[in-house]
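Encoded as structure tokens, the structure appears first; notes follow it.
Small disclaimer: the values here were computed from a predicted structure and weren't measured. Quick note: numbers below take in every heavy atom, side chains included, and nothing from hydrogens, waters or symmetry partners.
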Amino acid sequence: MQSCTIETPIGHAKITGDANGISSVSIGDTSQELSEIIPEELLDCVTQLKAYFRGERQYFDLKLNPSGTDFQKKVWQHLQQIPFGKTCSYLELSKQLGDPKAIRAVANANGKNPLWIIVPCHRVIGSDGSLTGYAGGLHRKQWLINHESSNKQQTLF
């Protein structure tokens, strides 16, 4: 398993994976040491993430290989269907998966997503529109939603 750490606008992203695909992407504080060399297996992921943060990419075309239960993987596949710049509630996601009563299980699977940003768990919000739960912190979730918003506010100064 290869890994590297790159700088992003919301912290240092640690990427792990191998020839079978990317297994995790997570963002942490800036105390993580940045990688000087990017392993070949991770280079495409790094390139696509950097393009995303520059506003040049809206979707990812990567081979993914996350570890998880069958149910978690099913939820993660549905997360990838939430369009760039849009959000979905946990209840809506549960209904799409065929069981509106599974909202807690869906929320739990969403929280265990190991492929932050690439599998856009940040696009899932509360039914009332509130930002709820994000392993990377609500400030990062808000940043990502704002970054993807087509209605970006312009500053006056």
Side-chain angles (χ1 to χ4, degrees), residues 3-17 22-36 38 42-62 64-68 71-97 102-157:
S3 70
C4 69
T5 302
I6 62 168
E7 188 170 10
T8 76
I10 57 174
H12 289 181
K14 182 175 183 183
I15 304 160
T16 59
I22 303 301
S23 57
S24 71
V25 174
S26 62
I27 311 249
D29 61 34
T30 55
S31 67
Q32 298 174 16
E33 189 172 328
L34 296 174
S35 300
E36 293 182 25
I38 307 298
L42 308 179
L43 191 55
D44 199 27
C45 182
V46 168
T47 300
Q48 290 187 34
L49 279 171
K50 287 182 176 184
Y52 167 85
F53 281 112
R54 286 192 307 265
E56 299 168 355
R57 176 172 284 276
Q58 295 185 358
Y59 66 92
F60 296 92
D61 182 21
L62 298 165
L64 304 178
N65 189 24
S67 293
F71 179 76
Q72 288 170 334
K73 289 178 181 181
K74 183 177 178 182
V75 171
W76 301 337
Q77 287 174 343
H78 271 75
L79 291 174
Q80 293 178 74
Q81 296 170 17
I82 303 171
F84 181 90
K86 303 292 183 190
T87 58
C88 173
S89 74
Y90 292 99
L91 179 58
E92 290 171 315
L93 192 55
S94 297
K95 287 178 180 177
Q96 290 172 13
L97 289 161
I103 190 167
R104 287 185 188 266
V106 167
N108 188 41
N110 192 57
K112 301 252 191 243
N113 170 25
L115 292 161
W116 299 6
I117 302 167
I118 294 169
V119 174
C121 56
H122 60 276
R123 295 179 188 155
V124 183
I125 59 174
S127 294
D128 63 357
S130 64
L131 295 184
T132 57
Y134 188 64
L138 292 181
H139 66 290
R140 287 189 177 103
K141 184 173 189 166
Q142 183 67 65
W143 191 98
L144 291 164
I145 289 171
N146 290 346
H147 176 67
E148 294 182 3
S149 173
S150 60
N151 300 322
K152 290 183 181 177
Q153 290 186 343
Q154 303 223 346
T155 58
L156 296 175
F157 304 99

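Tested against Ile22, the residues Asn65, Thr16, Leu42 include a single side-chain contact (heavy atoms from CB on, under 4.5 Å) partner, Leu42.
Ile103 CD1 to Lys95 NZ: the interatomic distance, rounded to the nearest 0.5 Å, is 9.0 Å.
Sequence neighbours left out, not one pair with a member in residues 110-121 passes salt bridge (Lys or Arg N to Asp or Glu O under 4.0 Å). Pairs engaging residues 113-123 under the side chain to side chain donor-acceptor pair (under 3.5 Å) rule: His122-Glu148, Arg123-Glu148 [sequence neighbours left out].
Put simply, the side chain of Tyr52 never gets that close to the backbone of Ile117: no donor and acceptor are under 3.5 Å apart. A donor-acceptor pair is defined here as one N or O able to donate and one able to accept, closer than 3.5 Å; such a pair exists between the side chain of Thr8 and the backbone of Ile10. Looking only at distances, a side-chain donor or acceptor of Ser89 sits under 3.5 Å from a matching main-chain atom of Glu92. Checking side-chain atoms of Trp76 against main-chain N and O of Ala109 turns up a donor-acceptor pair under 3.5 Å. For the pair Lys14 (side chain) and Ser3 (backbone), a donor-acceptor distance under 3.5 Å is absent.
Judged by the 6.0 Å distance and 45° axis criteria, Arg57 is positioned over the aromatic ring of Tyr59.
Heavy-atom neighbours of Glu33 CD from other residues, nucleotides or ligands within 6.0 Å: at or below the threshold of 12. For Arg104, the CZ atom sits in a loose shell: 12 or fewer heavy atoms of surrounding residues, nucleotides or ligands are nearer than 6.0 Å.
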